[in-house]
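Treat the numbers as computed from the prediction; the structure is a model and nothing was measured. Start at 1 with the first residue, then count along the sequence.
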Amino acid sequence: MRLLVLSQIADWDFGPRVKAGGHEIVAWVRPTWTRGERYSEGAQALRTTFRTIFSGPEPIRAIPTKFDTWTWLEREKIPRIPCPNVNAPKFIEYVKGLNIDLIVSSIFPQILKAAILRTPRLGAINCHPSLLPRYAGPQPEFWMLKNGEALAGITVHMMTEGIDAGDIVAQQELIVGEHENIGQLVQRQHHAAARLLTETVNAMAQGTIERKPQDLVERSYFGKRKATDIMVDWNGSAKQILNLLRALQPYEPVTASLNGHTIKIYEAKLQEGAASGGVPGQIMAKQPGKLLVQTGKGYLEIQSYEITPFHGWINRLLQKVLVPSVGYRFDLFPKASGPTPQSTS
């Protein structure tokens, strides 16, 4: 079959898998095609030294890639099409000229409307990173980890104008590791999606696909996260705060406020212990670079943090001055409004 792929995933071996099944990707679409900064080993060393001397921010820690989609597309000479609006009449006319059988989508930030959905001979399929009908909507991985779900998954469904609402054609469950963070989970989901989408494309080519309407009674929808959704709620349990950290790591810290200063927490762990009379948010112990904080249930041992806007060795010096002593309390933020699911029909 002739396929048009809509995806922003960079670490994803769907291409070679579907090609091995005898199918052809005629073009690959993203809103923009920007490779990002690429540095030689020597240039990277200079940047690291510069950041160390001038106290650059805590570096983003990357998950090692398993497959380079960009390099594969270059090698296969598959057209990379930038498209800020897939519903634009000009783009729809372009797609009609490709004579495609199927649109395959996974992690693409635009909603496809009727005109583009009707263009392929067999319609369009999408792989959503949750077990639909639960956790429909954007950023389901964040919400699943924040909510402490032990089970995640992926769902291939027919695309309709409704968001994540089309018939289910394939699903796969994924057990969430106790300490797994969002970077690790997303990578597993993407590679599972490559396999499941390939199986679905093969089944559609053979005419053996089975469609199952979604049970709207079971549907839950989570919207885009807000700034308050990544702030620590000290009234919650230490486990809930760690779940929030897992939902952001290794890319972002959680944020808290102490004595009017914004604190970015990069690493923390749960510490057991009997209640000692502290209140949620209270600092129970302090060591260089570490804090032990009482929560609504249990203690949170903060192992790596920064006081914004300071970084590096300057930050470590200022921690001694700006972080109050034992007994002081973190500022309490109001509970985030984002994690409450919305029932949709």
Side-chain angles (χ1 to χ4, degrees), residues 61 63 107 128-155 164 171-190 192-193 215 217-256 263-275 278 280-281 291-305 330 332-344:
R61 287 164 290 170
I63 299 294
I107 313 301
H128 181 75
S130 80
L131 295 173
L132 293 174
R134 300 187 67 232
Y135 287 94
Q139 303 172 315
E141 307 96 333
F142 168 80
W143 296 113
M144 286 187 288
L145 286 175
K146 182 177 181 180
N147 293 344
E149 298 285 359
L151 185 66
I154 52 175
T155 301
D164 304 325
Q171 278 189 321
Q172 180 182 339
E173 295 182 349
L174 295 173
I175 303 299
V176 179
E178 182 179 358
H179 303 292
E180 190 169 28
N181 63 39
I182 193 168
Q184 296 162 337
L185 175 60
V186 164
Q187 185 180 63
R188 287 204 298 133
Q189 286 178 311
H190 288 172
D215 184 355
V217 175
E218 299 294 325
R219 179 174 168 89
S220 60
Y221 182 93
F222 289 77
K224 291 183 178 180
R225 75 181 201 202
K226 306 177 183 67
T228 52
D229 295 324
I230 63 172
M231 293 178 178
V232 174
D233 176 10
W234 295 106
N235 289 309
S237 69
K239 181 65 174 177
Q240 289 173 322
I241 297 171
L242 284 176
N243 285 340
L244 172 60
L245 184 59
R246 290 168 58 219
L248 295 169
Q249 288 290 282
Y251 309 117
E252 301 177 61
V254 296
T255 58
I263 307 294
K264 291 185 176 182
I265 301 171
Y266 290 90
E267 295 181 24
K269 69 177 183 178
L270 177 69
Q271 185 176 113
E272 302 291 346
L291 298 171
L292 183 67
V293 185
Q294 174 78 52
T295 71
K297 182 179 179 182
Y299 298 100
L300 186 75
E301 183 181 308
I302 300 173
Q303 299 174 304
S304 176
Y305 69 96
F330 274 85
L332 295 180
F333 284 101
K335 296 191 71 173
S337 61
T340 304
Q342 306 169 24
S343 296
T344 59

Checklist line | Backbone N/O of Asp229 and side chain of Lys146: donor-acceptor pair under 3.5 Å | finding: yes
Next item on the list: Determine the minimum heavy-atom distance between Ala268 and Leu245, stating which atoms define it.
Entry: N-CD2, 3.7 Å
Check: How long is the span from the CG atom in Leu270 to the CD atom in Glu301, to the nearest 0.5 Å?
Finding: 10.0 Å
Checklist line | Met144 and Val176: CA distance, side-chain angles, deciding distance, side chain to side chain contact (heavy atoms under 4.5 Å, CB included) verdict | finding: CA-CA 9 Å; Met144 286 187 288; Val176 179; over 6 Å; no
Item checked: Residues which pass side-chain hydrogen bond (donor to acceptor under 3.5 Å, both in side chains) with Gln171, listed by chain and number, not counting sequence neighbours -> Thr155
Notebook entry, point to check: Sub-3.5 Å donor-acceptor pair from the side chain of Gln139 to the main-chain atoms of Arg225, do we have one?
Noted result: yes
Item checked: Heavy-atom closest pair, residues Ala238 and Gly298 -> CB-C, 4.2 Å
Item checked: Reported CG-to-CD1 distance for the pair Asn235 and Ile241, which is rounded to 0.5 angstrom -> 9.0 Å
Check: Can you name the nearest heavy-atom pair linking Gly153 to Gln189, along with the distance?
Finding: O-NE2, 3.2 Å
Item checked: Partners passing side-chain hydrogen bond (donor to acceptor under 3.5 Å, both in side chains) against Asn181 (at least two apart in sequence or in another chain) -> none
Check: Are side-chain heavy atoms of Gln240 and Thr295 found at a separation under 4.5 Å?
Finding: no
Note to self: If you define the side chain from C-beta out and look only at heavy atoms, does anything of Gln271 sit under 4.5 Å from Leu292?
What the structure shows: yes
Next item on the list: Please test Lys264 against Tyr305 for side chain to side chain contact (heavy atoms under 4.5 Å, CB included), starting from the C-alpha separation and ending with a verdict.
Entry: CA-CA 5 Å; Lys264 291 185 176 182; Tyr305 69 96; over 6 Å; no
Margin query: Once side chain to side chain contact (heavy atoms under 4.5 Å, CB included) is applied, do any residues pair with Leu151, and if so which ones, sequence neighbours excluded?
Written below: Leu131, Glu173, Ile175
Checklist line | N/O donor-acceptor pair under 3.5 Å between Trp143 side chain and Tyr221 backbone | finding: no
Item checked: Minimum-distance pair of heavy atoms, taken over all atoms of Arg188 and Gly177 -> NH2-N, 4.5 Å
Next item on the list: Indicate the ring-plane relationship of Trp234 and Phe330, choosing parallel, tilted or perpendicular according to the 30° and 60° boundaries.
Entry: tilted
Checklist line | With Lys297 via side chain to side chain contact (heavy atoms under 4.5 Å, CB included) - residues at least two apart | finding: Ser237
Check: Which residues satisfy the side chain to side chain contact (heavy atoms under 4.5 Å, CB included) test with Glu218, sequence neighbours excluded?
Finding: Pro133, Asp215
Item checked: For Glu141, all residues meeting salt bridge (charged side-chain N to carboxylate O under 4.0 Å, His left out), sequence neighbours excluded -> none
Next item on the list: Could you pull out the closest heavy-atom pair between Ala152 and Leu185, with the gap in Å?
Entry: CB-CD1, 4.3 Å
Check: Measuring from Lys239:NZ to Arg246:CZ, what's the distance to the nearest 0.5 Å?
Finding: 6.0 Å
Check: Could you state the interatomic distance from CD (Gln187) to CD1 (Ile182), rounded to the nearest 0.5 Å?
Finding: 13.0 Å
Margin query: I'd like to check the ring-ring contact (aromatic ring centres under 6.0 Å, His included) partners of Phe142; sequence neighbours left out, ordered by chain and number.
Written below: none
Note to self: Return the CD1 to CD1 distance between Ile230 and Ile265, rounded to the nearest 0.5 Å.
What the structure shows: 11.5 Å
Check: Mind checking what makes side-chain hydrogen bond (donor to acceptor under 3.5 Å, both in side chains) contact with Ser130, not counting sequence neighbours?
Finding: His128
Item checked: Atom pair CG/CG of Asn243 and Asn147 - distance to nearest 0.5 Å -> 8.5 Å
Note to self: If we ignore hydrogens and angles and just use 3.5 Å, is the side chain of Ser220 paired with the main-chain N or O of Tyr135 as donor and acceptor?
What the structure shows: yes
